[in-house]
> 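A single structure is presented below for examination.
Fair warning: this is a prediction, and the values are worked out from it, not measured in the lab. Proteins get letters first, then strands, A, B, ... in listed order; numbering begins at 1 in each.
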Amino acid sequence: MPTLTLPDGSTRSFDDATTPGGVAADIGPGLAKAALGARVDGELVGLDHVIDRDATISLITGPRGKDPCSEDALWLIRHSAAHIMAEAVQRVFPEAQLVYGPPVDDGFYYDIAMPEGQTISSGDFERIEVEMDAIVKEDRPFSRCTMSAEEGMARLEGEGSKYKIDNARRALEAGADTLSWYATGNPGEHWDDLCRGPHVPSTGRVGGFKVMSVAASHWHGDADSDRLTRLYGTAFPDRKRLAAHLERLEEARKRDHRAIGRKLGLFRIDDMVGQGLVLWTPKGAIIRQELQDFISTELKRQNYEPVFTPHIGKLDLFRTSGHYPYYQDSQYPPVVDPEAMNRLVDEGCSCADLSNRLHEGEVEGYLLKPMNCPMHIRIFAGEPRSYRDLPVRLSEFGTVYRYEQSGELGGMLRVRGFTQDDAHLFCTESQLQDEIAGCLELVRIIFNTLGIESFDVRVGLRDPEATKYVGSPDLWDRAEEACRAAAETLGDAWHAEEGEAAFYGPKIDFIVQDAIGRSWQLGTVQVDYNLPERFDLSYIGPDNAPHRPVMIHRAPFGSMERFVGFLIEHFAGAFPAWLAPEQVRVLPVSEKSSAYAAEVHDALRAAGQRVTLDEGNERLQARIRTAAEEKIPYLLIVGPRDAEAGTVSVRARGIERDLGAVQLQAFVDAIATETRDRCEGVVQSLFADAGVA
RNA sequence: GCCACCGUAGCUCAGUGGUAGAGCACACCCUUGGUAAGGGUGAGGUCACGGGUUCAAGUCCCGUCGGUGGCUCCA
């Protein structure tokens with residue numbers, strides 16, 4: 001005789017065991033119709049879940065009106081849609097074997113083992129959707145069917161799907177005592193799939209769905225295991241919400257830095273130059289240079305000392321640092337001294353021999369630097385250091401090269417040559433926490449100035465199970481504690497993640513998402529006990545004895561490439577005036593005003609603004625449209641009236657009308673302030689004061 | 001690197017094995033227009049590259065290079 005407590009605190013008693021479906025019906029027919037599932041004592045269950053003892057229950061319904069759909073409802077709908085898609089795939093490709101089909105952030109996927117020689121391509125999506133549509137229209141119930149472990153395994157052995165057998169074994173190992181199947185319809189009669197559930201009550205509840213894309217995956221995420229076809233889909237309670245979602249995706253794609261970068265001429269990646277190697281065009285170079293100037297100002301305040309180091313260094317340097325040969329796969333191959341190369345050729349040395357001999361150090365060569373730290377370390381080590389000198393903070397916009405896997409490259413976000421806004425801090429143990437906090441402060445300044453509000457702070461700790469880490473456990477404990485304490489000073493939410501530390505020390509990363517929802521690490525602060533050891537770094541302490549410094553690697557932007565790639569998407573190409581490649585464009589109304597327009601142009605140029613003059617052979621409307629598409633922050637429209645009064649008519653980006661006319665000098669002063677202070681709104685305040693805007 | 005898909009003008013994209021196309025951008029001409037596309041003319045192509053099948057290949061097949069998505073990786 002279960003008594004159930006509802007979310008509002010009220011209770012309902014039942015004479016016999018009941019189900020969430022029963023509870024819903026007991027409350028009212030409207031709820032019974034709207035219910036998709038429930039949480040019983042916090043556990044997500046289907047409407048047919050048997051409740052035979054007291055519990056709390058919260059029914060899950062589809063959204064009403066324009067309300068957003070609850071996470072639970074979406075989960076049920078998408079998990080159910082995955083089944084429907086799987087059934088449809090097996091109708092179209094009867095020999096396809098199913099592996100695993102969970103809901104994910106924006107939808108769901110199903111991993112499928114296709115028979116040799118068959119593939120699913122985007123051209124098949126429509127056929128699959130037609131089948132899905134039929135299954136949804138039939139509105140067949142999702143029926144659960146349970147078998148004992150023995151019975152269930154026997155069934156699976158009989159069917160012979162090694163993937164489902166594996167899934168079942170894992171479920172049993174995880175503690176399940178039975179196996180369950182969900183049929184879309186009647187068990188034994190209709191299609192079914194091994195599944196823990198739960199699902200929505202019937203296929204018709206999946207109101208809007210779409211097969212989105214096809215990709216490859218590996219069984220168990222193991223690159224050496226079977227290759228599977230991963231079919232992605234998405235589903236919503238109704239078509240309207242699906243359409244809204246697809247529209248959002250479309251909007252997001254418009255923000256893609258690759259598309260905007262091309263359109264606005266910010267960068268290119270050229271086949272002839274090489275994969276993952278970014279060419280910064282003049283406009284993109286301005287943005288990069290502005291960011292560099294901005295951070296350099298902050299670095300001066302924090303007493304950093306700029307240095308320059310070469311792009312290439314002897315292999316021995318990287319052997320000492322440990323980067324060669326352990327990360328050989330992700331480095332451009334070494335450059336071997338020509339004389340040594342000729343000698344090796346004469347000796348008939350094979351490629352494998354060469355590789356070995358480079359590895360062993362018998363042949364010397366040079367490596368494009370995959371990181372700047374060894375070079376900075378040699379600067380630190382180049383003179384005796386006293387504790388009075390610490391911390392030493394060496395900074396450099398250092399370009400590094402890493403031979404990332406070709407499939408991983410993408411636009412500016414993952415490249416093979418990139419410039420870190422790098423610095424290495426050498427300090428004492430007791431200075432560590434303050435120094436980390438100083439580094440985090442830099443990131444904070446950058447994010448605040450650029451209005452970046454949506455990011456994750458991750459403190460990467462060592463994985464207690466793994467053995468790849470160097471350094472003593474108590475040093476690690478202290479460093480991890482220093483990172484946590486420093487993260488605490490940020491004032492933002494942060495989370496610790498085990499196993500995310502570098503092998504040489506814990507770190508704090510700032511993670512953002514790109515336009516299509518992928519996560520990228522931008523700024524990073526990493527503590528390092530390893531390299532000071534390997535390079536035998538020391539300073540003389542107050543006790544007149546040598547001590548080992550601690551190193552911090554830090555890059556608040558991360559890399560200029562990735563940061564600007566992210567920034568393009570963050571601003572959708574509409575950079576604030578201080579960053580905009582072109583800040584102002586002067587548009588004479590007609591040729592009659594070109595002399596005055598040139599005067600305006602020259603005044604702004606003299607004030608240091610990036611300004612152009614568009615005297616094109618087009619109508620004013622067309623020139624405004626062009627400038628708007630180029631995301632230029634301010635347009636100055638000047639005609640005879642302005643020439644007469646010495647004014648400019650200002651049009652600010654994103655405002656589809658003229659703000660009004662101001663004296664030329666007032667505009668020059670305002671934009672000079674706005675760009676100098678790296679802020680927004682100074683120009684517009686000219687008009688706000690007048691009550692115009 | 002792996003799997004799938006894709007590669008046609010600077011860009012976005014049409015193109016049924018039978019003469020290479022459009023819009024935008026570009027150049028020139030006309031138009032001098034006060035707030036998001038004025039009109040005309042023209043130029044622009046080794047259909048990514050290399051093989052093959054065919055009377056005939058942008059189109060079909062194979063390979064290479066490059067891009068996209070995902071997987072794996074990311075010191």
> Using both distances under 3.5 Å as the test, list the Watson-Crick or G-U wobble partner of G69(B), or none.
C3(B)
> Given U32(B), G38(B), U35(B), which nucleotide is nearest the side-chain atoms of E618(A)?
G38(B)
> Looking at A75(B), U32(B), U35(B), which one has an atom nearest to any side-chain atom of Q621(A)?
U35(B)
> Reckon Y109(A) touches a base, only the sugar-phosphate, or nothing at all at heavy-atom distances under 4.0 Å?
nothing
> Can you see if the side chain of R227(A) gets near the phosphate of C2(B) - specifically, an N or O under 4.0 Å from OP1 or OP2?
no
> Whether D166(A) and R170(A) form a salt bridge (side-chain N of Lys/Arg under 4.0 Å from carboxylate O of Asp/Glu) is what I want to check.
yes
> Look at the side chain of R657(A) against the base of U35(B) and say whether a donor-acceptor pair falls under 3.5 Å; ignore hydrogens and angles.
no
> Tell me which nucleotide, if any, is Watson-Crick or G-U wobble paired with C55(B) when both distances must be under 3.5 Å.
G18(B)
> Got a sec: does the CZ of F380(A) have more than 12 other heavy atoms crowding it under 6.0 Å?
yes
> Within this structure, what is the CD1-to-P distance between I260(A) and C11(B), rounded to whole angstrom?
17 Å
> Where the side chain of R262(A) is defined as all heavy atoms beyond and including C-beta, which of C11(B), G33(B), G34(B) is the nearest nucleotide?
C11(B)
> Within the 4.0 Å heavy-atom criterion, would you say Q331(A) contacts the bases, only the backbone, or no part of the nucleic acid?
base
> Centre of F108(A)'s six-membered ring, under 6.0 Å away, within 45 degrees of the axis: is that where NZ or CZ of R78(A) sits?
no
> With C1' as the reference atom in both, quote the distance from C2(B) to G15(B) in angstrom, rounded to an integer.
33 Å
> Look at the side chain of S330(A) and decide which nucleotide, out of A75(B), C74(B), G1(B), has an atom nearest to it.
A75(B)
> How long is the line joining OH of Y596(A) and P of G34(B), in whole Å?
18 Å
> Could you tell me whether R253(A) and D256(A) have a side-chain N and a carboxylate O separated by less than 4.0 Å?
no
> So what's G50(B) paired with, Watson-Crick or G-U wobble, going by both distances under 3.5 Å?
C62(B)
> Counting the benzene-type ring for Trp, do F566(A) and W520(A) have ring centres under 6.0 Å apart?
no
> On a whole-Å scale, what distance lies between the C1' atoms belonging to G45(B) and C26(B)?
16 Å
> With rounding to the closest Å, how many angstrom separate the P atoms on C61(B) and U16(B)?
15 Å
> Taking N and O atoms by type only, does the side chain of R619(A) place a donor or acceptor under 3.5 Å from a partner on the base of A36(B)?
no
> For C28(B), give its Watson-Crick or G-U wobble partner with both distances under 3.5 Å, or none.
G40(B)
> Who does G23(B) pair with, Watson-Crick or G-U, both distances under 3.5 Å?
C11(B)
> Would you measure the distance from the C1' atom in G21(B) across to the matching atom in A14(B) and give it in whole Å?
7 Å
> Confirm from the modelled atom types if R414(A) and C73(B) form a donor-acceptor pair under 3.5 Å, side chain to base only.
yes
> Between K254(A) and E250(A) (salt bridge meaning N to carboxylate O under 4.0 Å), is one present in this structure?
no
> Any salt bridge linking R248(A) with E251(A)? Criterion: basic side-chain nitrogen under 4.0 Å from a carboxylate oxygen.
no
> Take atom C1' in C29(B) and the same atom in A36(B), then report the distance between them in whole Å.
26 Å
> May I ask you to test the V564(A)-F267(A) pair for a side-chain heavy-atom distance under 4.5 Å?
no
> Go ahead and name the base partner of G45(B); Watson-Crick or wobble counts if both distances stay under 3.5 Å, otherwise write none.
none
> State the pairing partner of G34(B); accept Watson-Crick or G-U wobble contacts with both distances under 3.5 Å, and report none otherwise.
none
> Does G34(B) have OP1 or OP2 sitting under 4.0 Å from an N or O in the side chain of K592(A)?
no
> Taking only the C1' atom of each, what is the distance from A43(B) to A48(B) in whole angstrom?
23 Å
> Could you state the CZ-C1' distance from R625(A) to G38(B), rounded to the nearest angstrom?
14 Å
> Nearest whole angstrom, please: distance from the P of G34(B) to the CG of D614(A).
16 Å
> Above 12 or not: heavy atoms from other molecules or residues under 6.0 Å from CG of D105(A)?
no
> Please determine, for the side chain of S649(A), which listed nucleotide (C30(B), A75(B), U35(B)) has the closest atom?
U35(B)
> Rounded to the nearest 0.5 Å, what separates atom OH in Y109(A) from atom OG1 in T229(A)?
13.5 Å
> Regarding A628(A), tell me which of base, sugar-phosphate or nothing describes its non-hydrogen contacts under 4.0 Å with the strands shown.
base
> If we take the P atom in both U53(B) and C62(B), what is their distance in whole Å?
15 Å
> Checking contacts here: which listed nucleotide (A37(B), G34(B), U35(B)) is nearest the side-chain heavy atoms of D642(A)?
G34(B)
> Please report the distance, rounded to the nearest Å, between CD in E404(A) and P in C2(B).
16 Å
> Encode nucleotides 59-71 of chain B as B, S and - characters from 5' to 3', where the letter depends on protein heavy atoms closer than 4.0 Å: B to the base, S only to sugar-phosphate, - to neither.
-------SSSBBB
> Let me spell it out: for each of Y401(A) and G654(A), pick the nucleotide of RNA chain B with the closest heavy atom. Which residue's pick is nearer the 5' end?
G654(A)
> Using atom P in both nucleotides, what's the gap between C24(B) and U41(B) to the nearest angstrom?
13 Å
> So which one's nearest nucleotide on RNA chain B is more toward 5', R268(A) or L228(A)?
L228(A)
